[in-house]
Amino acid sequence: MAKLTVRDLDVRGKRVFLRVDYNVPLEEKDGQMVITDATRIVETLPTLKLLIEKGGKLILTAHLGRPKGKRDVTMSLAPVAVKLGELLGQKVGFVADCIGEPVEQAVAAMKEGDVLLLENVRYYNEEEANDPAFSAKLAKVADVYVNDAFGAAHRAHASTAGVAAVVAARGGKCAAGLLMERELKFLGDELDHPARPFVVILGGAKVSDKIKVIDRLLEKADTILIGGAMAYTFRLAQGYQTGKSLVEPDAVETAKLALSKAKVKNVKFLLPVDDVVATPVKTDKLDKKGKPVIEFQNPTVSTDLNVPAGTAGLDIGPATVKAYAAEVAGAKTILWNGPMGLFENKQFAAGTNAVAQAVVAATQTSGAKSIIGGGDSVKALNKAKLGDKVTFMSTGGGASLEFLEGAVLPGVAALSDK
Ligand code: 3PG
Ligand code: MG
């Protein structure tokens with residue numbers, strides 16, 4: 001990586017402005033917000049420990065949710081400060097603001113190795129607007145800038161890009177944290193020079209979300225396995241009936257182009273050969289957004305590439321699982337992004353779980369490098385308690401996808417070159 005990292009920095013006695021992605025899932029329990037998955041916090045610990053050891057004063061900024069410029073207690077980072085203190089084994093200070101007097105006072109009292117977390121930067125609209133005056137206010141307590149927030153690196157916001165520009169203009173250094181470095185290594189360098197065969201598993205709902213990734217990976221992969229609802233848009237492109245499956249008629253031409261590019265590039269491009277289908281039925285119940293809850297009745301395996309009328313395809317079937325598992329078993333590099341079906345519903349989780357098992361087996365028994373591209377595939381692996389049995393799981397969602405598309409992430413671009 002051509003960017004400066006925390007390893008290269010001398011931070012003794014300096015104020016290190018450290019952007020982290022602590023956008024963790026929270027749930028209300030007995031009137032308190034409780035963190036349900038601390039992965040994003042845990043993954044920053046090596047960076048924090050290194051900077052503490054080097055004698056820096058760590059001032060952490062982060063966002064939580066999308067409060068849209070307003071204070072919202074359900075999106076406060078206060079519970080994160082408590083959790084971070086427990087995980088780090090040292091006191092973590094917290095300031096209920098991210099700019100101004102209270103922050104400057106707290107920072108003035110810091111000693112080498114102290115850690116302070118500031119309140120949600122998105123309580124200010126100027127954060128997402130990347131407002132230069134707001135960046136200057138944030139940068140008041142920054143001698144050095146470090147970005148370990150890979151998950152937010154696709155955002156050109158004040159704390160992910162603006163502050164770095166202010167620090168750099170003063171001649172200060174802007175470096176990547178160890179998590180950022182690892183993310184760029186696995187999602188970048190490792191996939192640019194993969195051990196072969198390089199097998200890519202792509203799932204999720206929409207072709208339109210993944211088409212740039214598909215297009216780019218068609219240049220690099222030996223095999224691409226498609227699952228999730230987006231498989232049905234490919235079916236549509238091949239002229240089959242898709243019943244009530246989720247499809248994107250607007251993306252049919254795109255799907256056709258991908259299929260022909262796969263032929264030209266000699267990439268093995270596999271689509272499901274069987275499906276788990278079920279009949280969607282609207283119920284009287286409403287979901288959190290006030291929409292009627294859909295129930296899926298009579299799940300059955302269908303081997304007809306035409307999805308039976310009145311039913312929707314919701315998971316890959318057992319013959320597809322077998323074919324995909326065989327490809328994965330022979331792989332030396334695996335990239336997986338997106339579930340194979342509606343895995344949140346256990347009736348349709350078998351395909352995703354079987355692929356997870358196959359990826360783990362290839363990693364553990366034949367030494368394949370397995371890289372999980374964030375978002376729902378990470379959720380699925382964690383749910384199956386297999387998270388620690390793959391080579392790398394990204395902490396990014398949108399950021400991983402944009403990076404895999406080949407985009408230059410603003411949070412990375414803002415860092416100093418080596
Ligand atoms: C995420 O959870 O994807 C990141 O923290 C970025 O959050 P955002 O999508 O609200 O910008
Ligand atoms: Mg997001």
Side-chain angles (χ1 to χ4, degrees), residues 18-27 33 35-45 47 60-72 74-77 79-81 83-84 98 117-131 134-135 138 146-164 176-177 179-180 182-184 186-187 204-206 208-210 212-213 288-289 337-339 344 372-382 387 392-405 407-414:
L18 174 56
R19 179 50 159 108
V20 285
D21 185 355
Y22 288 168
N23 191 19
V24 291
L26 293 166
E27 242 170 45
M33 300 305 290
I35 297 162
T36 55
D37 180 350
T39 306
R40 280 180 163 171
I41 305 174
V42 171
E43 293 299 321
T44 64
L45 295 177
T47 303
L60 277 57
T61 37
H63 74 280
L64 185 64
R66 294 175 176 171
K68 298 273 167 230
K70 291 210 180 69
R71 283 191 169 264
D72 179 335
T74 66
M75 297 182 208
S76 170
L77 282 163
V80 173
K83 185 78 187 174
L84 176 61
C98 62
L117 177 64
L118 307 182
E119 182 57 287
N120 196 341
V121 273
R122 288 192 186 170
Y123 282 179
Y124 292 88
N125 270 327
E126 292 89 333
E127 160 67 1
E128 293 189 56
N130 194 7
D131 178 82
F134 183 67
S135 295
L138 288 168
V146 174
N147 193 345
D148 214 17
F150 175 76
H154 57 321
R155 307 291 184 211
H157 294 171
S159 65
T160 59
V163 177
L179 173 60
M180 176 72 89
R182 257 167 74 76
E183 295 271 5
L184 300 177
F186 282 106
L187 297 177
K206 293 178 177 173
S208 55
D209 282 349
K210 299 278 160 84
K212 281 193 198 147
V213 174
K288 278 184 196 153
K289 288 179 186 155
N337 186 293
E344 300 90 336
I372 317 302
D376 281 335
S377 350
V378 168
K379 264 188 220 158
L381 270 169
N382 282 336
F392 179 75
M393 288 204 301
S394 176
T395 55
S400 318
L401 208 56
E402 286 192 30
F403 190 61
L404 289 171
E405 285 170 1
V408 175
L409 305 182
V412 178

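Ligands are counted one by one from 1 in listed order, and the atoms in each one are counted from 1 as well. Keep in mind it's a predicted model, so treat the numbers as computed, not measured. Along the sequence shown, residues are numbered consecutively beginning with 1.
With Arg155, His63, Arg40 as candidates, the residue nearest to atom 3 (O) of ligand 1 on a non-hydrogen basis is Arg40.
Listed by chain and number, the residues in a side chain to side chain contact (heavy atoms under 4.5 Å, CB included) with Glu402 are His154, Glu405, Ala407, Leu409 (sequence neighbours excluded). Residues satisfying the side chain to side chain contact (heavy atoms under 4.5 Å, CB included) criterion with Val80, sequence neighbours excluded, are Tyr22, Val24, Ile35, Ile41, Leu77, Leu117.
Per-residue contacts place Arg66 under 4.0 angstrom from the following atoms of ligand 1 (heavy atoms of the residue considered): 8 (P), 9 (O), 10 (O). Of all atoms in ligand 1, numbered sequentially from 1 with element shown, those under 4.0 Å from a heavy atom of Asn23 are 1 (C), 2 (O), 4 (C), 5 (O), 7 (O). Interface atoms of ligand 1 facing Asp21, defined by a heavy-atom separation under 4.0 Å, are 4 (C), 5 (O).
Smallest separation of non-hydrogen atoms from Lys83 and Ala38: CE-CB, 4.0 Å.
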### Task
Mind running side-chain contact (heavy atoms from CB on, under 4.5 Å) on Ser76 and Tyr123 for me, showing each step along the way?
CA-CA 9 Å; Ser76 170; Tyr123 282 179; 3.7 Å; yes

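Between Ser159 and Arg19, the side chains place a donor N or O and an acceptor N or O closer than 3.5 Å (distance only, hydrogens not considered).
The shortest heavy-atom distance from His157 to ligand 1 is not under 4.0 Å. Within the 4.0 Å heavy-atom cutoff, Gly151 counts among the residues contacting ligand 1.
Contacts between Glu128 and ligand 1, counted as non-hydrogen atom pairs separated by less than 4.0 Å, are absent for every part of the residue.
A salt bridge between Arg40 and Glu183 is absent, with no side-chain N of the basic residue lying under 4.0 Å from a carboxylate O of the acidic one.
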